[in-house]
Amino acid sequence: MSTAPAPREFDTFDDAFDVDMEFAPSVDDIAAPRSPLQFTPAASAQPAGAAPQPQPPLHAAPLAPVPAAPAYAPDAAGFNPVGDVVAQAQASLMDTGLAFTGLAPASNIGEVSVPRIAIHVFAERQDTLASAERAAQDRRLSRATTQIRVGGVAAAVETYQHEPTPPLIIVECLKDPQTLLWEVDQLAEVCDAGTKVVVIGATNDIILFRELMRRGVSEYLVAPVQPLQLIAAIGGLFNDPAQPFVGRTIAFVGARGGAGASAVAHNTAYAISERIGANTVIVDYDLPFGTAGLDFNQDPLNGVADALGQPDRLDSTLLDRMMVRCTDKLSLFAAPASLDTDWDISTEAFEEVTNQIRATAPFVVLDLPHLWSPWMRRTLISADEVVVVATPDLASLRNAKNMIDLVRQGRPNDAPPRLVLNQVGVPGRPEIPAKDFGAALGVHPSLIIPFDAKTFGAAANNGQMILDAGAKTKSAEAFQTLAQIVSRRELPMVAGPKAKPAKAGRAEKAKPAGGASKSLFANMFKKR
């Protein structure tokens, strides 16, 4: 926020300022000369330190009648049509558990990343206080320290006369625009250089917004505000301009050992990279028993272990050396799969490595082990998408319920975790029906993967993915569907079962039969 002193008297608009026709002066006003429009009172008309006197409204009469439009009450407290629409969309999304759609939902702000900063909030409305408290508990603000206080701009001015200002201040003022601008000027006098200020007001007015931006305010929101609005506004202020994007993290965890979470994670990541065409990174955090190297027929390097041992030294060049390139769009951060070392790594190291990897690709698939520790809890809660893989038995039901309840509690502003039922239909095994399984958890299964021991076994032994080993199987179709769900993207070309693109794709997979190589690289070269 700018720390320049308050504008002096008769601080008028620039001549080239664009004003909509509805704010143009009437014929009578043009005939009768009057003083220019002022955003702040004249210094002679107001003693120093005193509250401003009521001023005429900012809007003049329109020049000509305009077509009828919905009632517009910019000064009414609580007027925020955009916020109301976002809130309704968010509520309906949470209630219905909306799965994949062509458009990203309103609450899809997983790319927000807020650094370790201090945030002070001075709110007047009770709902603003509640939204700020809920936003402070969000996973995206987990690294920030948030203090919430009752009071508006006057309370902030009083506070910062005796203490330094934090990197971000959020203040609320429900008064008229004249008073709001005057209080913002008072706040600017006590703010340190580099402090960012977000103002929450009651007036939905573009002229007020532009004037606040001109005075150095970083963002202006209209009350009432929702938690996700605050989070998005804060994240937008601290995005790194040198970093083009922050990748979306998708965490896969098994409800119990042997549920097949790693196989589901690897095949889904492969489908995202090959079928959707997005750059993807697989991170195998199962350091002693990770299978990502085996599944992709790659010699595992100590990539994850080396990165976790020196998280402060990581950069894009070092990360690229630690990764194994499986395809043009898929990279592997393999685990060492060694028992020679006792892996005692801090939670902060896992968090820092994950944040560094997010800057390398749009999608980061986290293959999490079946264990429980502080870093596992932090990783699950901080991930943009959580997928719990379970088998239809009682042990998986109990563990999945515990995981989903914990993740829901730690992510109050996010959709619930997704449930994938794997190994459904094992011959001779009693199973809990999928409908009853989802009803007990309160989460409808996003995907049901049928049991196919022959296809999965052959793919695992040959170091292949299901899309290569059995492109025509139901499991391959399931992984393509799951890839669309978690990535929230559609396939580049949607073709029916009899369409030519689908036939061509299957024909290419069937070519290497007479002793030809079936490796992934051979298929890629043939396509070119």
Phe252 ring center near Tyr285 ring center (under 6.0 Å)
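Ring centroids of Phe252 and Tyr285 are no less than 6.0 Å from each other.
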Going by atom types only, do [X] and [Y] share a side-chain donor-acceptor pair under 3.5 Å?
| X | Y | answer |
| --- | --- | --- |
| Arg149 | Gln147 | yes |
| Thr195 | Asp192 | no |
| Thr391 | Asn422 | no |
| Arg256 | Ser396 | yes |

Indicate the atoms forming the closest heavy-atom contact of [X] with [Y], along with that distance.
| X | Y | result |
| --- | --- | --- |
| Ala349 | Ile345 | CB-CG2, 3.6 Å |
| Ala292 | Asp284 | N-OD2, 3.2 Å |
| Pro417 | Val388 | CB-CG2, 4.3 Å |
| Ile169 | Cys191 | CD1-SG, 4.1 Å |
| Ala478 | Ile449 | CB-CG1, 4.3 Å |
| Ala223 | Glu172 | CB-OE2, 4.0 Å |

Using a strict threshold of under 4.0 Å (side-chain N to carboxylate O), is an ion pair present between [Y] and [X]?
| X | Y | answer |
| --- | --- | --- |
| Lys401 | Asp405 | yes |
| Asp414 | Arg140 | yes |
| Asp384 | Arg411 | no |

Within the structure provided, determine whether [X] and [Y] are in side-chain contact (heavy-atom separation under 4.5 Å).
| X | Y | value |
| --- | --- | --- |
| Val424 | Glu431 | yes |
| Ile200 | Val171 | no |
| Phe363 | Ile276 | no |
| Tyr220 | Val198 | no |
| Thr268 | Gln480 | no |
| Pro311 | Gln356 | no |
| Phe333 | Ile282 | no |
| Met403 | Val253 | yes |

With distance as the sole test, does [X] use its side chain to make a donor-acceptor pair with the main-chain N or O of [Y] at under 3.5 Å?
| X | Y | answer |
| --- | --- | --- |
| Ser131 | Thr128 | no |
| Arg134 | Pro412 | yes |
| Thr379 | Met376 | no |

To the nearest 0.5 Å, what is the distance between CG on Asp286 and CG on Leu371?
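If I round to the nearest 0.5 Å, the distance is 7.0 Å.
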Return the CG to CD distance between Leu230 and Gln226, rounded to the nearest 0.5 Å.
9.0 Å
Does [X], at its [atom1] atom, have more than 12 non-hydrogen atoms belonging to other residues, nucleotides or ligands within less than 6.0 Å?
| X | atom1 | answer |
| --- | --- | --- |
| His444 | NE2 | no |
| Gln161 | CD | yes |
| Gln409 | CD | no |
| Arg143 | CZ | yes |

I'd like to know whether Met323 forms a side-chain contact (heavy atoms from CB on, under 4.5 Å) with Leu332, so could you lay out the CA-CA distance, the side-chain angles of the two residues, the decisive distance to 0.1 Å, and finally the verdict.
CA-CA 5 Å; Met323 293 182 188; Leu332 176 61; over 6 Å; no
Determine, stepwise, if the pair Leu368 / Leu380 fulfils side-chain contact (heavy atoms from CB on, under 4.5 Å).
CA-CA 9 Å; Leu368 302 181; Leu380 281 176; 3.7 Å; yes
Stepwise side-chain contact (heavy atoms from CB on, under 4.5 Å) check, Ile119 with Val121:
CA-CA 7 Å; Ile119 303 174; Val121 181; 4.3 Å; yes
For a side-chain contact (heavy atoms from CB on, under 4.5 Å) check, start with the C-alpha distance between Phe122 and His120, then their side-chain angles and the critical distance, and finish with the verdict.
CA-CA 7 Å; Phe122 295 85; His120 291 181; 3.9 Å; yes
